[in-house]
Amino acid sequence: MPRQQAELHAQALAAVIDKVAQEPQLLSLQYNLQNESYQSELRLISQVAAARSTLSAEIELQNAKTDHIRTELSAKVDALKSFLDSRMQHGEGKRSTVSDGVRSALSLNLWYIYVGTMLGILLTLFIGIMFF
């Protein structure tokens, strides 16, 4: 075989041997990358689950606070209504200057105050939940 042809065969054989030698390293690198990707995905899933759990607990706490405030506010409004009704009845017993129109206007105003207060509290709680 001529020398030049032998050198070309030797170079081709060296390239093939080089490629065969690198293949296990490439497979190992591919395995390592896939494993790291899988581990990262597991960590992310775990972090999302923890965040979801924390958020659910916070929402439940805010709902409990909202219910408590709603109950307190309702009791206070009822007490105020009772107080105003008793004052109005007491005033009518002494003097009959308070008319039914004034009473219904006061009741309507109390209703507006109650609804406005409830909406304000709910809006405040909603904003608190959304931004905290």
Side-chain angles (χ1 to χ4, degrees):
M1 173 179 308
R3 180 174 175 87
Q4 188 180 18
Q5 189 177 5
E7 286 177 2
L8 287 175
H9 282 283
Q11 287 175 355
L13 185 59
V16 169
I17 290 174
D18 229 15
K19 189 173 182 178
V20 169
Q22 288 178 358
E23 192 168 318
Q25 292 173 344
L26 292 175
L27 289 174
S28 176
L29 181 61
Q30 180 184 6
Y31 172 78
N32 289 341
L33 287 174
Q34 286 175 340
N35 190 31
E36 285 181 31
S37 174
Y38 178 72
Q39 294 300 322
S40 294
E41 185 178 346
L42 288 179
R43 283 192 302 273
L44 182 61
I45 289 170
S46 174
Q47 289 171 349
V48 167
R52 182 178 289 154
S53 175
T54 301
L55 186 58
S56 293
E58 186 64 32
I59 288 172
E60 286 182 29
L61 178 65
Q62 292 300 326
N63 285 341
K65 286 180 181 179
T66 302
D67 290 343
H68 179 72
I69 290 170
R70 185 178 295 130
T71 301
E72 282 185 359
L73 184 60
S74 180
K76 288 180 180 181
V77 167
D78 288 343
L80 181 60
K81 282 182 182 178
S82 296
F83 172 74
L84 289 175
D85 283 344
S86 69
R87 293 292 293 188
M88 291 172 86
Q89 287 174 357
H90 181 69
E92 283 179 359
K94 286 186 173 180
R95 42 195 161 102
S96 60
T97 57
V98 179
S99 69
D100 288 337
V102 172
R103 180 181 297 159
S104 61
L106 283 173
S107 295
L108 187 60
N109 285 340
L110 283 174
W111 173 249
Y112 289 145
I113 290 170
Y114 173 75
V115 169
T117 304
M118 290 301 290
L119 287 174
I121 289 171
L122 290 174
L123 182 60
T124 301
L125 289 171
F126 178 73
I127 290 171
I129 288 171
M130 293 301 294
F131 293 105
F132 295 103

Set of side-chain hydrogen bond (donor to acceptor under 3.5 Å, both in side chains) partners for E36, sequence neighbours left out:
none
Residues which pass side chain to side chain contact (heavy atoms under 4.5 Å, CB included) with [X], listed by chain and number, not counting sequence neighbours:
X    : answer
Q30  : L27, Q34
T124 : none
Y112 : L108, N109

What side chain to side chain donor-acceptor pair (under 3.5 Å) pairs are there with at least one residue in residues 43-54, not counting sequence neighbours?
S40-R43
Clusters formed by hydrophobic residues whose side-chain heavy atoms approach within less than 4.5 Å: which one holds [X], and what are its other members?
X   : result
L29 : L33
V48 : L44
L42 : Y38

Quick check for you: to the nearest 0.5 Å, what is the distance between L73 atom CG and L80 atom CG?
10.5 Å
Would you give the length of the straight line joining atom OG1 of T66 to atom CD1 of I59, rounded to the nearest 0.5 angstrom?
11.0 Å
Considering residues at least two apart in sequence or located in another chain, which fulfil the salt bridge (charged side-chain N to carboxylate O under 4.0 Å, His left out) criterion with R3?
E7
Same hydrophobic cluster for L61 and L55, using side-chain heavy-atom links shorter than 4.5 Å among ILVMFWY?
no
Grab the two heavy atoms, one from I113 and one from T117, that are nearest each other, plus how far apart they are.
O-OG1, 2.6 Å
E72, CD: over 12 other non-hydrogen atoms inside 6.0 angstrom:
yes
Pairs touching residues 60-70 that satisfy salt bridge (Lys or Arg N to Asp or Glu O under 4.0 Å), sequence neighbours left out:
D67-R70
